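As structure tokens, the structure follows; a few thoughts come after it.
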Amino acid sequence: MSSNASSVGIVSAQRALFDTPLPLAGGTVLPSYELVFETYGQLNAAGSNAILICHALSGHHHVAGRYSEDDKAAGWWDNMIGPGKPIDTNRFFVVGLNNLGGCHGSTGPSSLDPASGQPWGSRFPVVTVPDWVTAQARLADRLGVERWAAVIGGSLGGMQALQWAIDYPDRVANALVIASAPKLSAQNIAFNDVARQAIITDPDFCGGDFYAQGTIPRRGLRLARMLGHITYLSDDGMGEKFGRMLRSGEYKFGYDVEFEIESYLRYQGDKFSDYFDANTYLLMTKALDYFDPAKDYGGDLVAALQRATASFMVASFTSDWRFSPERSRETVKALIAAGKRVAYAEIESVHGHDAFLMTDEPYMNLMRAYLQRVAKEVAA
Amino acid sequence: MSAPASLRPDLQMIADWVTPRSSVLDLGCGEGDLLAWLQAHKQVSAYGVDFDVNNVVRCVAANVNAIQGDLEAGLAEFEDQRFDHVVLSQTIQAMHNTEQILLEMLRVGREAIVTFPNFGYWENRWQILKGRMPVSDDMPYQWYNTPNIHWCMLGDFDALCAKNGLRVVERVVMTGGRRVHFLPNLRGSLAFYRVTRG
């Protein structure tokens with residue numbers, strides 16, 4: 001099946017400006033904002049074959065394809081999305097966007113505040129998963145999508161898929177919630193706070209207004225990413241890939257990079273600090289921490305999900321300890337109690353939390369089977 | 001979605017016991033044949049549980065709600081008295097926690113439908129008399145590779161139900177797809193039970 005799969009090819013980003021003020025969960029109002037997005041495939045005449053891809057902490061709108069022939073890196077979920085791939089662009093109209101508060105082109109802390117002409121910086125409001133979903137719904141209106149055939153996301157993206165099913169029950173036919181959780185645990189919030197502290201205590205952070213100072217809190221971002229990265233991999237996966245391998249083959253009895261894992265993490269941290277915005281990192285982790293759709297329903301997730309009319313697919317990965325299978329099963333249990341249609345798979349994988357971006361065979365088969373069903377439902 | 005037009009005779013026997021428009025949980029649902037049939041012909045609302053991810057994938061394709069899970073760990077995903085029927089088809093003899101799963105079935109459902117190969121079937125007895133462990137169409141394994149670790153006959157299952165205060169509402173015994181009325185524990189290869197709380 002996958003032998004026929006190919007890339008969506010050369011893609012380009014689009015922008016949409018929204019000047020209807022957006023009231024945020026935190027109490028402030030964003031007077032206007034821009035969202036950057038990409039689309040692949042064709043929206044059918046009935047407008048029924050659209051799929052929204054929600055990104056996770058460091059993701060963005062560039063989900064599939066390449067920007068030019070010699071572009072080295074494809075979009076972040078290119079293995080999943082394209083002609084003949086599980087999310088088949090021959091059948092579906094696929095939309096990826098950069099969420100509000102992001103740093104890849106949508107309005108965020110590094111954008112200019114039209115009121116002052118200066119970067120928003122520390123004054124950019126904290127936005128939440130429900131805020132994102134509201135902004136995404138406005139983008140759907142703009143694109144002529146009344147009801148998504150599916151809203152799909154991994155990790156923080158899965159939280160958006162779940163929120164969509166609750167907040168806009170008539171506008172989501174299927175919600176695919178992958179490697180996610182109905183709310184973060186104390187341990188998970190703790191990891192996020194260490195990451196935030198690394199950034200906030202970097203002297204170059206300047207209280208969030210480092211843009212004007214011409215600095216970037218690289219050390220903080222780098223540490224935040226290194227910590228995050230450890231939690232996205234499994235002990236076994238890390239052991240398999242790096243073990244105790246030394247770069248030079250022998251101990252140097254010093255504090256420079258010696259083990260391959262150190263080298264790898266520092267490289268990942270450096271790379272990340274080159275392109276990711278520190279304020280966006282803080283904001284994204286806060287959105288994770290605040291996510292708790294049951295909160296408005298007296299802490300009862302079953303009551304929250306009662307509104308949903310979507311069918312659900314929930315998937316987790318055995319070696320994922322940041323968003324463990326137990327957390328996915330909480331979602332599944334509530335969905336069953338609420339009488340919702342749901343399929344749940346616990347995929348054997350060594351890839352830890354990152355597995356949702358990988359191509360473990362049962363995972364790809366599951367996605368393909370589910371989306372073929374969706375395609376039939378919406379006659380795509 | 002297309003459901004199988006006809007079911008295996010033993011699954012058809014179970015399907016006949018299921019009330020139209022009821023809620024059904026199928027434990028060890030495999031590729032979802034029974035539930036797909038029940039959804040299409042009896043408009044049930046159904047969930048299946050299976051240990052094998054490949055079966056979950058096939059259930060997804062068949063439009064059956066499948067939850068990947070290990071029955072030995074219990075049925076924590078399901079609330080008390082959530083289902084009208086809970087089915088365990090030719091699986092109980094392969095389980096470690098035999099008694100626990102029976103009680104769990106009646107925690108989450110009002111009626112348990114349990115089927116198992118009858119160890120008391122005469123062909124099994126005959127093979128034992130000849131000095132070998134039984135191998136048959138219903139139990140196609142050698143003693144050293146069988147997943148079936150808890151064999152029982154009709155009387156044993158009756159006793160387990162009685163011990164736990166459970167009521168056997170109905171019992172059917174079949175051989176080769178046909179019902180057996182005379183000397184069931186001798187002439188029946190497959191047993192079907194409907195069990196409720198006492």
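Nothing here was measured: the structure is a model prediction, and the numbers come from that model. Chain naming here is simple, since letters A, B, ... match the order of the sequence lines and numbering starts at 1 in each.
- Contact of A:Val332 with chain B is made through the side chain alone, with heavy-atom distances under 4.5 Å.
- Atom NZ of A:Lys340 sits in a crowded spot, with more than 12 heavy atoms from other residues, nucleotides or ligands closer than 6.0 Å.
- In this structure, A:Leu366 and B:Val53 have side chains that are not in contact, with every pair of non-hydrogen atoms separated by 4.5 Å or more.
- Note that CG of B:Asp50 is 14.0 Å distant from OH of A:Tyr344, once rounded to the nearest 0.5 Å.
- Here the closest non-hydrogen pair linking B:Val57 and A:Pro362 is CG2-O, 4.1 Å.
- For B:Arg197, the CZ atom sits in a packed shell: over 12 heavy atoms of surrounding residues, nucleotides or ligands are nearer than 6.0 Å.
- Residues of residues 68-105 of chain B lying within less than 4.5 angstrom of chain A, judged on heavy atoms, are B:Gln68, B:Ala76, B:Glu77, B:Phe78, B:Glu79, B:Arg82 in numerical order.
- For the set A:Glu361, A:Lys333, A:Glu348, the entry with the most heavy-atom pairs within less than 4.5 Å of chain B is A:Lys333.
- No side-chain donor-acceptor contact under 3.5 Å links B:Asn65 to the backbone of A:Arg341.
- Residues satisfying the side-chain hydrogen bond (donor to acceptor under 3.5 Å, both in side chains) criterion with A:Trp77, sequence neighbours excluded, are absent altogether.
- By the neighbour-count criterion of 12 heavy atoms within 6.0 Å, atom CD of B:Glu170 is densely surrounded, having more than that number from other residues, nucleotides or ligands.
- The neighbour count for A:Asn90 CG, taken as heavy atoms of other residues, nucleotides or ligands under 6.0 Å away, is above 12.
- Using a 4.5 Å heavy-atom cutoff, the side chains of A:Ile336 and B:Tyr47 are in contact.
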